[in-house]
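Worth knowing before you read on, the calculation uses all heavy atoms, side chains too, and leaves out hydrogens, waters and symmetry mates.
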Amino acid sequence: MSKVSEERLVDVGGLTLNVQEFGDAEQPALVLIMGLGMQMISWPDPLCAGLAERGYRVIRFDNRDSGLSQKFEHQRAPGPLKLLISRKLGLSVKVPYQLRDMASDVVNLLDVLQIGAAHVVGASMGGMIGQLVAALYPERVTSLTSIMSTSGARQLPQPRAEVLKVLMTPAARSEEDYLRNAMRTWSLIGSPAYPPNDEALRARLLAGYRRSYCPGGTARQLAAIAACGSRVNELKRIIAPTLVIHGRDDALVPVEGGEDTARHIPGARLEVIDGMGHDLPEPLLSDFVEMIAGHAGAAVAN
């Protein structure tokens, strides 16, 4: 059984992030970056423990504006409709912060933890952040794994209409409303070949809601994604060995997003998983451990 640290708040360049570690601090660092509106606990414990058992110092944290990390509640984000229209028309829009700021958060966290370079693993928005870390701070990234993410290129397919409709639903005003909306969302974007047990999913969603529910933070993160636009030029600059993992049945970020990501990163390897949607299904966790740890190990060996 790998060691698991207590969660702790860390000051990173004037910003407070909530952090937890798995494994031995003397082992190579592997940083996990989660997606839009999600908390670090969305990285399943068995995945974190499995990577630690493979010889990595696994670090997960709540992004700014999520979980127990610092919130930016004094700032308002543009509404999703304005963001959508601005993106379609190629117009700029003022946002509280950028994805590049979130990439800086990762680097500042490495500085505080006295880590020179790390294996970087990001899921969804976390993949976008990881891409920027690798492009803008190449000396800090030993390897990159981008999961169910995208290049942001404007011509790529967008989320399915029914998914967009659910994402436009106003913020829940009660635990009951939240649970109903969240269950509906995950029924649409989850992995069709690996559906979760409803009771287990409900328990996981409630745990997240009770730990921290910050719809304003999710709106600000969404604005950061929209303002970032295409990262194709940044992807072409990445020199870290890169693995791109994507579900063939992803209804939120269609598989073309992963294919385009891999196409623009020199030497990137693409793994498309049949039956996988926009989640980390329990039956695939051991596969994820093998792919991520294998890729990280090969990056060092080469």
Side-chain angles (χ1 to χ4, degrees), residues 12-18 31-40 42-43 60-110 120-137 141 144 146-154 156 158-159 163-164 167-168 171 185 189 212-235 238 252-253 257 260-261 278:
V12 294
L15 174 74
T16 304
L17 298 181
N18 188 62
V31 180
L32 302 172
I33 314 171
M34 192 26 79
L36 173 67
M38 305 301 289
Q39 304 178 53
M40 70 177 189
S42 295
W43 289 109
R60 66 179 182 181
F61 67 99
D62 291 319
N63 285 310
R64 61 164 71 192
D65 251 339
S66 68
L68 304 182
S69 288
Q70 185 173 326
K71 307 299 192 299
F72 288 70
E73 293 172 339
H74 59 289
Q75 300 186 45
R76 295 189 62 184
L81 185 58
K82 181 177 181 179
L83 290 172
L84 187 62
I85 293 173
S86 298
R87 177 172 171 78
K88 282 186 174 295
L89 297 178
L91 302 175
S92 62
V93 60
K94 186 176 180 180
V95 297
Y97 50 79
Q98 305 270 351
L99 282 185
R100 287 181 176 230
D101 297 314
M102 301 183 79
S104 294
D105 293 345
V106 178
V107 175
N108 289 336
L109 177 59
L110 294 179
V120 174
V121 180
S124 195
M125 179 188 74
M128 304 173 196
I129 296 168
Q131 294 163 14
L132 289 174
V133 175
L136 301 176
Y137 307 92
V141 180
L144 171 67
S146 178
I147 306 172
M148 52 192 177
S149 192
T150 177
S151 67
R154 288 180 61 190
L156 291 172
Q158 297 303 300
V163 174
L164 277 176
L167 293 178
M168 296 290 184
T185 300
I189 70 174
S212 175
Y213 177 58
C214 185
T218 301
R220 289 184 288 273
Q221 291 179 355
L222 182 62
I225 294 173
C228 182
S230 172
R231 287 173 302 285
V232 167
N233 288 335
E234 286 83 359
L235 296 181
I238 293 176
L252 181 60
V253 181
D260 200 57
T261 299
H278 200 78

Review item, side-chain donor-acceptor pairs of residues 65-72, under 3.5 Å, at least two apart:
{"from": "D65", "atom 1": "OD1", "to": "F72", "atom 2": "N", "distance (Å)": "2.9"}
{"from": "D65", "atom 1": "OD1", "to": "R220", "atom 2": "NE", "distance (Å)": "3.4"}
{"from": "D65", "atom 1": "OD1", "to": "R220", "atom 2": "NH2", "distance (Å)": "3.0"}
{"from": "D65", "atom 1": "OD2", "to": "Y97", "atom 2": "OH", "distance (Å)": "2.7"}
{"from": "D65", "atom 1": "OD2", "to": "R220", "atom 2": "NE", "distance (Å)": "2.7"}
{"from": "S66", "atom 1": "OG", "to": "M38", "atom 2": "O", "distance (Å)": "3.4"}
{"from": "S66", "atom 1": "OG", "to": "N63", "atom 2": "N", "distance (Å)": "3.3"}
{"from": "S66", "atom 1": "OG", "to": "N63", "atom 2": "O", "distance (Å)": "3.0"}
{"from": "S69", "atom 1": "OG", "to": "N18", "atom 2": "N", "distance (Å)": "2.7"}
{"from": "S69", "atom 1": "OG", "to": "D62", "atom 2": "O", "distance (Å)": "2.6"}
{"from": "Q70", "atom 1": "OE1", "to": "T16", "atom 2": "N", "distance (Å)": "3.1"}
{"from": "K71", "atom 1": "NZ", "to": "G67", "atom 2": "O", "distance (Å)": "2.5"}
{"from": "K71", "atom 1": "NZ", "to": "S69", "atom 2": "O", "distance (Å)": "3.1"}

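- Pairs engaging residues 92-101 under the salt bridge (charged side-chain N to carboxylate O under 4.0 Å, His left out) rule: R100-E234 [sequence neighbours left out].
- Two residues are said to be in side-chain contact when any heavy atoms from C-beta on lie closer than 4.5 Å; M34 and R60 fail this criterion.
- In this structure, I189 CD1 and T185 OG1 are separated by 6.5 Å, a value rounded to the nearest 0.5 Å.
- Contact check for Q39 versus S212: side-chain heavy atoms found under the 4.5 Å cut-off.
- Checked against side chain to side chain donor-acceptor pair (under 3.5 Å), Y137 has the following partners two or more places apart in sequence or in another chain: S104.
- Considering only heavy atoms from C-beta on, V106 comes within 4.5 Å of I129 through its side chain.
- Put simply, the side chain of I33 does not reach to within 4.5 Å of the side chain of M125, judged on heavy atoms.
- Side-chain atoms of Q158 never come within 3.5 Å of backbone atoms of V253 as a donor-acceptor pair (strictly under, hydrogens ignored).
- The side chain to side chain donor-acceptor pair (under 3.5 Å) contacts involving residues 121-135 comprise S124-H278, Q131-S146, Q131-R231, where partners must be two or more places apart or lie in separate chains.
- Side-chain atoms of Q221 come within 3.5 Å of backbone N or O of G37 as a donor-acceptor pair.
- In this structure, L132 and A103 approach most closely via the heavy-atom pair CB-CB, 4.0 Å.
- Listed by first and then second residue, the salt bridge (charged side-chain N to carboxylate O under 4.0 Å, His left out) pairs involving residues 120-133 amount to none (not counting sequence neighbours).
- Residues that satisfy the side chain to side chain contact (heavy atoms under 4.5 Å, CB included) test with S151, not counting sequence neighbours, are A153, L156, V232, L235, D260, T261.
- The shortest side-chain heavy-atom distance between L167 and L252 falls under the 4.5 Å cut-off.
- With sequence neighbours excluded, the residues satisfying side chain to side chain contact (heavy atoms under 4.5 Å, CB included) with V121 are L30, L32, W43, T145, I147, I292.
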- Task: Walk me through it: do L110 and V31 pass the test side-chain contact (heavy atoms from CB on, under 4.5 Å)?
- Result: CA-CA 9 Å; L110 294 179; V31 180; 3.7 Å; yes

